[in-house]
Amino acid sequence: MPRAIQVTAFGGPENLQLVDIPVGDPGPGEILIRHQACGLNYIDVYQRTGLYPGALPLTLGMEGAGVVEAVGEGVKHLSAGDRAAYASNPPGSYSEARVMPAKCVVRLPDAIDFDTAAAMMLKGLTAQYLLKKCRPVEGLEPGDFVLFHAAAGGVGLIACQWAKALGLRLIGTAGSAAKCELALAHGATHAIDYSREDFVGRVKDITGGKGVKVVYDSVGKDTFEKSLDCLRPFGLMASFGNASGPVPPFAPGALGPKGSLYLTRQTLFTHIATREATQAMADELFAVVESGAVKIRIDQRYALADVAQAHRDLEARKTTGSTVLIP
Ligand SMILES: NC(=O)c1ccc[n+]([C@@H]2O[C@H](COP(=O)([O-])OP(=O)(O)OC[C@H]3O[C@@H](n4cnc5c(N)ncnc54)[C@H](OP(=O)(O)O)[C@@H]3O)[C@@H](O)[C@H]2O)c1
């Protein structure tokens with residue numbers, strides 16, 4: 001029987017248990033995939049703790065790469081033997097093999113290895129939709145400033161490089177001088193160590209007092225309010241995560257005096273709701289990776305059985321770039 005990592009109760013990393021799980025045959029619209037690598041994402045922490053509650057017992061993991069072993073009725077775009085990768089809801093990639101909906105899975109180009117694929121699908125598709133689709137009403141042009149928090153993380157380092165390729169001036173924040181250096185080396189035009197510096201003041205200095213057109217904020221509770229003060233009039237606050245905790249209840253009235261701001265809360269799973277949208281976004285991601293414009297940094301690798309340590313390191317802000325788990 002394949003092994004997988006499950007939680008039977010919400011809580012800390014100690015709740016992650018290695019178990020044997022039966023894997024049946026794929027039904028209509030499903031595939032059976034054997035994983036070569038799985039991606040670690042901050043959403044796995046939210047699901048483990050119950051901040052995003054799922055039905056228990058829950059096999060975690062939203063990102064993986066491997067070989068398709070069987071396809072169910074009606075699946076046309078994949079065949080047994082295909083190399084494939086995905087970012088998907090429902091979770092379940094922390095496993096040696098699983099049955100899952102085929103619509104979120106795409107064939108992997110030969111030039112992209114399994115570890116790289118597992119490190120980039122969820123994070124890269126997120127950077128893609130944020131920078132290409134989650135845009136302010138006044139648009140984004142080359143030379144425009146955007147602010148991206150946690151710029152040395154998994155999504156962050158991909159976003160730094162993709163923003164550079166789009167000609168945007170990405171101001172990245174990160175929690176140490178070394179992380180700031182990493183963001184700069186990957187295309188951020190400016191980096192702010194927000195553990196020591198006031199990022200609002202620095203953003204105002206960098207932008208000549210004007211502010212940025214968009215803030216991409218995945219840190220949540222600790223940065224939300226101040227992020228609004230970094231925006232120029234009609235700017236867009238794109239909240240997409242809660243690494244420091246969820247944003248407390250917020251009165252929309254505050255957006256007016258700050259410059260008629262726009263606020264959105266985004267999730268990748270709206271963007272990849274259909275097979276067609278997923279394929280189109282993945283094609284763009286594969287193109288920037290194959291061209292070398294975006295390089296996928298895997299700074300941490302763990303055996304799947306050591307996933308508790310991986311979660312501890314992620315939550316302790318010890319990781320940079322992407323992390324993969326090897327079944
Ligand atoms: N909505 C979506 O569609 C979507 C999709 C993918 C990811 N996300 C979100 O994007 C963020 C990045 O995801 P990721 O998987 O690539 O993780 P990551 O950025 O590699 O790790 C999270 C980073 O957040 C920063 N952080 C700030 N305050 C923190 C705190 N109190 N505790 C822990 N970390 C803190 C840390 O960087 P510093 O030390 O530099 O501050 C940490 O390294 C997460 O919030 C995730 O939920 C959202």
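All ligand and atom numbering here is 1-based and tracks the order in the structure.
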Looking only at protein heavy atoms, what sits closest to atom 31 (N) of ligand 1 is Ser244 CA, 3.4 Å
Taking Glu141's backbone N and O only, do any of them form a donor-acceptor pair with Asp144's side chain (distance below 3.5 Å, no angle check)?
yes
Which atoms from ligand 1 have a heavy atom of Lys179 less than 4.0 Å away?
37 (O), 38 (P), 39 (O), 40 (O), 43 (O)
Counting only heavy atoms, tell me which of Glu63, Arg317, His149 gets closest to atom 42 (C) of ligand 1.
Arg317
Of all protein heavy atoms, the one nearest atom 5 (C) of ligand 1 is Thr126 OG1, 3.1 Å
Nearest protein heavy atom to atom 18 (P) of ligand 1, by residue and atom, and its distance?
Gly154 N, 3.7 Å
Val219 heavy atoms within 4.0 Å reach ligand 1 at atoms 27 (C), 28 (N)
For the residue pair His149 and Phe199, is the inter-centroid distance of their aromatic rings smaller than 6.0 Å?
yes
Would you say Lys318 has more than 12 foreign heavy atoms packed within less than 6.0 Å of its NZ?
no
Check each atom of ligand 1 against the heavy atoms of Gly241 and keep those under 4.0 Å away; list them by number with element.
45 (O)
To check your reading of the model: name the closest protein heavy atom to atom 41 (O) of ligand 1, its residue, and the distance in Å.
Tyr194 OH, 2.5 Å
Determine whether the side chain, the backbone, both or neither of Leu268 has a heavy atom under 4.0 Å from any heavy atom of ligand 1.
both
Going by the atom numbers of ligand 1, which of them fall below 4.0 Å from some non-hydrogen atom of Ala174?
40 (O)
Does the pair Arg107/Asp82 count as a salt bridge with the N-to-O cut at 4.0 Å?
yes
Within-shell test, Asn242 vs ligand 1, heavy atom, strictly < 4.0 Å:
yes
Does Phe269 reach ligand 1, in the sense of a heavy atom lying below 4.0 Å from it?
no
What do you reckon, does Asp222 have a nitrogen or oxygen under 3.5 Å from a nitrogen or oxygen of ligand 1?
no
Only one of Ile33, Ile31, Val106, Ile272 clears side-chain contact (heavy atoms from CB on, under 4.5 Å) with Tyr86; which?
Ile33
Do Leu58 and Gln47 touch side chain to side chain, with heavy atoms closer than 4.5 Å?
yes
In residues 233-240, what donor-acceptor pairs under 3.5 Å come from side-chain atoms, sequence neighbours left out?
none

So, are Asp115 and Arg301 salt-bridged, with charged N and O less than 4.0 Å apart?
yes
For ligand 1, which atoms have a heavy atom of Tyr129 less than 4.0 angstrom away?
1 (N), 2 (C), 3 (O)
If we ignore hydrogens and angles and just use 3.5 Å, is the side chain of Lys179 paired with the main-chain N or O of Ala150 as donor and acceptor?
no
What protein heavy atom is closest to atom 23 (C) of ligand 1, reported as residue, atom name and distance in Å?
Ala150 CB, 4.0 Å
Interfacing atoms of ligand 1 (cut-off 4.0 Å, heavy-atom, Leu122):
5 (C), 6 (C)
Closer than 4.0 Å to some heavy atom of Leu314 - which atoms of ligand 1 meet that?
21 (O)
Would you mind telling me which of Phe10, Tyr46, Phe269 makes a ring-ring contact (aromatic ring centres under 6.0 Å, His included) with Tyr52?
Tyr46
Option nearest atom 47 (O) of ligand 1 (shortest heavy-atom distance, choices Tyr46, Tyr52, Phe240)
Tyr46
Would you mind listing which atoms of ligand 1 come within a distance below 4.0 Å of any non-hydrogen atom of Gly175?
38 (P), 39 (O), 40 (O), 41 (O)
Would you please classify the geometry between the Phe148 ring and the Tyr216 ring as parallel, tilted or perpendicular, with 30° and 60° separating the classes?
tilted
May I ask you to establish whether Arg83 and Phe114 are in a cation-pi arrangement, using a distance under 6.0 Å from NZ or CZ to the six-membered ring centre and at most 45° from the ring axis?
yes
Residues at least two apart in sequence or cross-chain that pass side-chain hydrogen bond (donor to acceptor under 3.5 Å, both in side chains) with Arg297, listed by chain then number, are Asp299
Which residue and non-hydrogen atom of the protein lie closest to atom 22 (C) of ligand 1, and at what distance in Å?
Tyr42 CD1, 3.5 Å
Starting from atom 30 (C) of ligand 1, locate the nearest protein heavy atom and write down its residue, its atom name and how far away it is, to 0.1 Å.
Ala243 O, 3.4 Å
Heavy-atom nearest neighbour in the protein, as seen from atom 7 (C) of ligand 1, with distance rounded to 0.1 Å:
Val155 CG2, 3.8 Å
